[in-house]
Visitor: 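Quick one: the structure is below, and I'll ask about it shortly.
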Number of protein chains: 2
Amino acid sequence: MTIAANDTKSNDWTTSLLANRAVNLPPPLGPGRMGDVIPFVYGLPDEDSFPAAELAAAAAAVMKDQAAKALQYGAPTPLSEYLLGFIKKDQGLELTPQQLLITSGSSQAISLVCRLLIDPGDCIVVEAPTFLGAVRTFEGYEAEIAEAPLDADGINVAALDAKLTELKAAGKKVKFVYLIPTFQNPTGVTIDLERRKAVLEVARRHQVLILEDDAYHGLLFEGETPPWLWTLDENDIVMHCGTFSKTLAAGLRLGWIGGPPELISKMASLKDDGGTNPFAGYIAAKFAENGQLEAHTKKLIDIYRRKRDRTLAGLERYMPEGSRWTSPQGGFFIWLELPEKIDTVKMLPKAVEAGVNYLPGPACFANRSGRHTIRLAFSFVKLDQIETGLRRLGEVIQKELEA
Amino acid sequence: MTIAANDTKSNDWTTSLLANRAVNLPPPLGPGRMGDVIPFVYGLPDEDSFPAAELAAAAAAVMKDQAAKALQYGAPTPLSEYLLGFIKKDQGLELTPQQLLITSGSSQAISLVCRLLIDPGDCIVVEAPTFLGAVRTFEGYEAEIAEAPLDADGINVAALDAKLTELKAAGKKVKFVYLIPTFQNPTGVTIDLERRKAVLEVARRHQVLILEDDAYHGLLFEGETPPWLWTLDENDIVMHCGTFSKTLAAGLRLGWIGGPPELISKMASLKDDGGTNPFAGYIAAKFAENGQLEAHTKKLIDIYRRKRDRTLAGLERYMPEGSRWTSPQGGFFIWLELPEKIDTVKMLPKAVEAGVNYLPGPACFANRSGRHTIRLAFSFVKLDQIETGLRRLGEVIQKELEA
């Protein structure tokens, strides 16, 4: 690509026009180097499992019968209708269309919640550790982030309660608590039923909302999971976001936000993107018809369960004494705590050199703690590379311990 | 749909958590009643012209060869590559990939410009009249809107200069001037070359940026149009947004923003939607290959030219003495000025009753002036309904004049 003359132009005043939030923005997140490295870093879906042929068939059917709507400005109404039916079947929740908004992935849902609620300096409480993409969005709205720890059964409710009390005493305005209650990113843990009820009670008492992110819904490997916080909510305090990115395809950019109708209606007003992709939405709805999406999800469960099991076996075999890890019931992630001597940030280049990568735990804490922790995503890595990857990781760790 | 018990729940404190910008939001824009009314109100593409079969074929090809990328998180890279080539051919501009960002329609591009530049109370100068969707977005960011008038050759540059001087004297911080230089929405007028150069000089002198919106690019019925402001820019002050909504399909939600790389990179950081639809983007790029999009655009030009001509003939025949209208060289819109006695807002229900609708001019002015004006969109209405629609409109106007 030739560099044009006008690429080197400049004026010296443009930066003085930036909005406050944009003055010190970090560069956009990139995918980073891949090469021959076995990738435990990406929380991406398994790409061999995308239902490409079925989506091509759905596209052909939509272009034949529904092109005037799927190619025009508007909303992906059939997808909303599918979702209303799915939620009724799955959760026993009978929603009105006014309680649901289809979004460009749950990323846009999270951003809309911030546009609706966050003035600069407002506070959001998150689990520690949590999903770094959400925190990045929160920071883009100049929110302050506070943390409450979690354990194997999910968020520590007493700690959450204490944190909310402390923030109020400090004059902070807390707008909502962001939770990933099921197969959490990055730990894989699930909040049990009792704690779900307790979290709702704490939020109600402190008069803060909850944003429940259930990105891995349906990817349950065994047993069962409790109802959504939204399903259990008796006080209109839960906003709930979901996505088709993990069960259908991330590239369709389809997600949704549900909640009290007066909040959803205001989010619809703030949603200034000309409507969520009707083309992708009509095709997804066509695909989802007749139970095809549920059937596809069952296939995915087998794929991801096998990857989880392979990862757990590899950890058992290759991790040193003093290591601990979660054993998730579903989703994409395992959380690994190594002996305290290990600094996973400093170790990462050595791991990449040895042909394996991971997400250092500090990337998942707003305060960058957890330096001996790692998020392992088993979703994207190839099944037959998992053992090799963990053997490599084990060797790198062993060297660090001996150093 | 059953109303669930929890739809009537409520708490009395949720609204106290809304962000300042969200406290008094108007309800979302809806399509309004259609029925048997001949619709001159919608600035929508002709829906009989969507290339449905070709898009189904493109979808099949992408699902066969590019599914791992088109269905995964990421960016629609092939579409960026197509655009870089198109812009080079069309404008002689040799851009780097860092000067271009694919967005969810130009709607998202406009919103990102605001996220980058607008703090509450900042000022944006627009043409009077202008595109109401953009103004709605600006207001969502709590910008103040100032206006400069236009005439048959586009914006009045002296008035723009004076307005910028006046705003500065009043202590306002003007961030950018929003212009639709070609086939403007709502008037259809095009800024001539001399004025384009003058506008650039005024903006440079006042140290404000320009957001150039060229939504109707390529829909040129005869003659030629001047180069983009972006192409003429020698001082890195122009941001330029475009869209595939008018030439390919609005339902794909694909647009783009170009400009100085340091601004585009910051917009990419603020773009928190998980990436612009790879599925739609790869399919659009596949469709655009081999000149197919240019060929399709040529077909559209014939369709819209015929609709414009039919509309101009109907206006000639049915509008009363003292009416004036623009004669656009391209695009979707004609601007109609009626005798001052007519109030187009009050007349609208009578027109709908008579089986025709339109956009009252005041919807296109930030200050709601222009009560005797109308925007007629000839793009969406069926060709063979245009004359009937204008006859009905003429009859309603005649009655108003006689009242």
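In what follows, chains carry the letters A, B, and so on, assigned in the order in which the sequence lines appear, proteins first and then strands, with residues in each chain numbered from 1.
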Visitor: Without swapping roles, check the side chain of N277(A) against the backbone of L252(B) for a donor-acceptor pair under 3.5 Å.
Guide: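 Yes, the answer is positive, given that a donor and an acceptor are paired below the 3.5 Å cut-off.
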Visitor: So do the side chains of K286(B) and I283(B) get within less than 4.5 Å of each other, counting heavy atoms only?
Guide: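 Contact flag for K286(B)/I283(B) side chains = no.
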Visitor: So which part of T103(A) gets closer than 4.5 Å to some heavy atom of chain B, the side chain, the backbone, both or neither?
Guide: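 Neither part.
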Visitor: What's the separation between atom NZ in K271(B) and atom CG in L116(B), rounded to the nearest 0.5 Å?
Guide: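 Going from the NZ atom of K271(B) to the CG atom of L116(B) covers 14.5 Å.
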Visitor: Just so I understand: if I count every heavy-atom pair under 4.5 Å between each of L18(A), L270(A), I118(A) and chain B, which residue has the most?
Guide: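 The residue among L18(A), L270(A), I118(A) with the greatest pair count is L18(A).
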Visitor: Can you tell me which portion of T15(B) sits under 4.5 Å from chain A's heavy atoms? Options are side chain, backbone, both or neither.
Guide: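 When you check distances to chain A, no heavy atom of T15(B) falls under 4.5 Å.
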Visitor: Where on V174(A) is there a heavy atom nearer than 4.5 Å to chain B: the side chain, the backbone, both, or neither?
Guide: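 When you check distances to chain B, only backbone atoms of V174(A) fall under 4.5 Å.
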Visitor: Out of Q108(B), K175(B), K173(B), which one racks up the most heavy-atom pairs below 4.5 Å with chain A?
Guide: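 Looking at each option in turn, the highest pair count goes to K175(B).
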Visitor: Over 60° means perpendicular and under 30° means parallel, so classify the ring planes of H240(A) and W228(A), tilted if in between.
Guide: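 Geometry flag for H240(A) against W228(A): tilted rings.
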Visitor: Could you tell me which portion of L248(A) (side chain, backbone, both or neither) has an atom closer than 4.5 angstrom to a non-hydrogen atom of chain B?
Guide: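 For L248(A), no heavy atom lies under 4.5 Å from chain B.
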Visitor: Find out whether M267(B) and M239(B) are in side-chain contact, i.e. whether some heavy atom of one side chain is under 4.5 Å from a heavy atom of the other.
Guide: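 M267(B) vs M239(B): side chains touch.
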Visitor: Less than 4.5 Å to any heavy atom of chain B: does that hold for the side chain of I110(A), its backbone, both, or neither?
Guide: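 Neither; nothing under 4.5 Å.
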Visitor: Side chain, backbone, both or neither: which part of A68(A) has an atom under 4.5 Å from a heavy atom of chain B?
Guide: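 Both backbone and side chain.
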Visitor: Answer with side chain, backbone, both or neither: which region of P260(B) has an atom nearer than 4.5 Å to a non-hydrogen atom of chain A?
Guide: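 The answer is neither part of P260(B).
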Visitor: Applying side chain to side chain contact (heavy atoms under 4.5 Å, CB included), run through N235(B) and W13(A) and close with a yes or a no.
Guide: CA-CA 11 Å; N235(B) 297 285; W13(A) 46 265; 5.9 Å; no
Visitor: What part of K64(A) lies closer than 4.5 angstrom to a heavy atom of chain B: side chain, backbone, both or neither?
Guide: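 For K64(A), neither part sits under 4.5 Å from chain B.
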Visitor: Under a 4.5 Å cutoff for heavy-atom pairs, which residue among G281(A), A59(A), S111(A), G74(A) has the most contacts with chain B?
Guide: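 Among G281(A), A59(A), S111(A), G74(A), the one with the most close pairs to chain B is S111(A).
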Visitor: Is it the backbone or the side chain of Y282(B) that comes under 4.5 Å from a heavy atom of chain A, or both, or neither?
Guide: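 Looking at Y282(B), nothing touches chain A.
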Visitor: Taking NZ, NE, NH1 and NH2 as the nitrogens, is one of them in R115(A) or D272(A) under 4.0 Å from a carboxylate oxygen of the other?
Guide: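 Judged by the 4.0 Å cut-off on N to carboxylate O distance, R115(A) and D272(A) do form a salt bridge.
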Visitor: Check whether F176(A) gets within reach of chain B through its side chain, its backbone, both or neither, counting any heavy atom under 4.5 Å.
Guide: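 For F176(A), no heavy atom lies under 4.5 Å from chain B.
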Visitor: Between L209(A) and chain B, with a heavy-atom cut-off of 4.5 Å, which part of the residue counts as in contact: side chain, backbone, both or neither?
Guide: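 Answer is both: backbone and side chain atoms of L209(A) are under 4.5 Å from chain B.
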Visitor: Given that the side chain runs from C-beta out, which part of S104(A) has a heavy atom under 4.5 Å from chain B: side chain, backbone, both or neither?
Guide: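 Contact with chain B is through both the backbone and side chain of S104(A).
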Visitor: Should R204(B) and N11(A) count as side-chain neighbours, where that means a heavy-atom distance under 4.5 Å?
Guide: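 SC-SC contact between R204(B) and N11(A) ruled out.
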Visitor: When F279(A) is tested against each of F244(B), F287(B), F279(B) for ring-ring contact (aromatic ring centres under 6.0 Å, His included), which residue passes?
Guide: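 The option that passes is F279(B).
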Visitor: Taking every non-hydrogen pair under 4.5 Å, which of A249(A), A52(A), A56(A) racks up the most with chain B?
Guide: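 Heavy-atom pairs under 4.5 Å are most numerous for A52(A).
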Visitor: So for L263(B), is it side chain, backbone, both, or neither that comes closer than 4.5 Å to the heavy atoms of chain A?
Guide: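 Side chain only.
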